[in-house]
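Every chain is numbered from 1 and lettered A, B, ... according to where its sequence line falls, protein lines coming before strand lines. From a predicted model like this one, the values you see are computed outputs, not experimental measurements.
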Amino acid sequence: MATAKRSYWLVKSEPTTFSFDDLLASPDRTTSWEGVRNYAARNFLRDGMRRGDQVLFYHSSTEVPAVVGICEVAREAYPDPTQFDPQSEYHDPKSRAEEPTWLMVDLRAVEALPRPLPLTELKGVTALAGMELLRRGSRLSVQPVTAAQFTAIRRLAGLR
DNA sequence: GCCAACGTTGGC
DNA sequence: GCCAACGTTGGC
């Protein structure tokens, strides 16, 4: 049987909206990742993310922006129902049910990092030069991470 | 709160 | 299709 090539990703979340602790506390430590409303991010969700891919969980817009945990893709892309919900902050009146514009995946927590890795620290790590997160003006809420970057992050946090 | 860096919208 | 205006993200 051919081995699917595993990919690595990083997702951002504002901890006041949904934190890694919230993910750990979710049923089966799993949540649907609704609310992605950027085409580049959606394309990564749709075309890149495969079940079992490992995902860094990043806290943005907080006192100490940091990578705080690792999760994995538990379900591949499917339509995000909030786009059709007029009550939702993610409502998109232009999206049609026959051809949904926005997709989401399910993410399951794997483990919290033994220590969070602040953005300020990551900026000084040679092995992470070129990481999308560290690019000036980077705003992508779903972004690819290389295997080398993923491993470097694990080691920095004290994981094998 | 400021503002740089983007993405999106809409007039033309 | 161009591009200015506007809105959003997110670090600081």
Face-on cation placement of A:Arg75 at A:Tyr78 ring, 6.0 Å and 45° thresholds = yes
Near DNA chain B, which residues from residues 37-47 of chain A have a heavy atom under 4.0 Å away?
-> A:Asn38, A:Tyr39
Do any side-chain atoms of residues 13-20 of chain A form donor-acceptor pairs under 3.5 angstrom with protein atoms, and if so which ones, sequence neighbours left out?
from    : atom 1 : to      : atom 2 : distance (Å)
A:Ser13 : OG     : A:Phe18 : O      : 2.6
A:Ser19 : OG     : A:Asp21 : N      : 3.4
A:Ser19 : OG     : A:Asp22 : N      : 3.1
A:Ser19 : OG     : A:Asp22 : OD2    : 3.2

Just wondering, do A:Asp80 and A:Leu103 contact through their side chains at under 4.5 Å, heavy atoms?
-> no
Which pairs with one or both residues in residues 84-93 of chain A pass side chain to side chain donor-acceptor pair (under 3.5 Å), sequence neighbours excluded?
-> A:Asp92-A:Trp102
Going by an N to O cut-off under 4.0 Å, is there a salt bridge joining A:Arg108 and A:Glu72?
-> yes
Can you tell me how far P of C:dG11 sits from CD of A:Glu132, to the nearest Å?
-> 13 Å
Could you list, one pair per line, each protein nitrogen or oxygen that sits under 3.5 Å from a nitrogen or oxygen of nucleotides 1-9 of chain C, together with the distance?
from  : atom 1 : to       : atom 2 : distance (Å)
C:dT8 : O2     : A:Arg139 : NH1    : 2.4

Measure the shortest side-chain to side-chain distance between A:Met104 and A:Pro79 over non-hydrogen atoms and say whether it is less than 4.5 angstrom.
-> no
Sole candidate of A:Arg29, A:Arg160, A:Arg154 that passes salt bridge (Lys or Arg N to Asp or Glu O under 4.0 Å) when paired with A:Glu111 | A:Arg154
Side-chain heavy-atom pair A:Arg115, A:Glu121 within 4.5 angstrom cut-off | yes
For A:Val67, the hydrophobic cluster (side chain heavy atoms closer than 4.5 Å, chained through members) also holds A:Tyr8, A:Leu10, A:Leu56, A:Tyr58, A:Ile70, A:Val110, A:Leu113, A:Leu117, A:Leu119, A:Leu122, A:Val125, A:Leu128, A:Met131, A:Leu133, A:Leu134, A:Val145, A:Phe150, A:Ile153, A:Leu156, A:Leu159
Is it true that the side chains of A:Arg37 and A:Thr82 contain a donor and an acceptor less than 3.5 Å apart?
-> yes
Please list, by residue number, the residues of residues 79-95 of chain A whose heavy atoms come closer than 4.0 Å to an atom of DNA chain C; answer none if no residue qualifies.
-> none
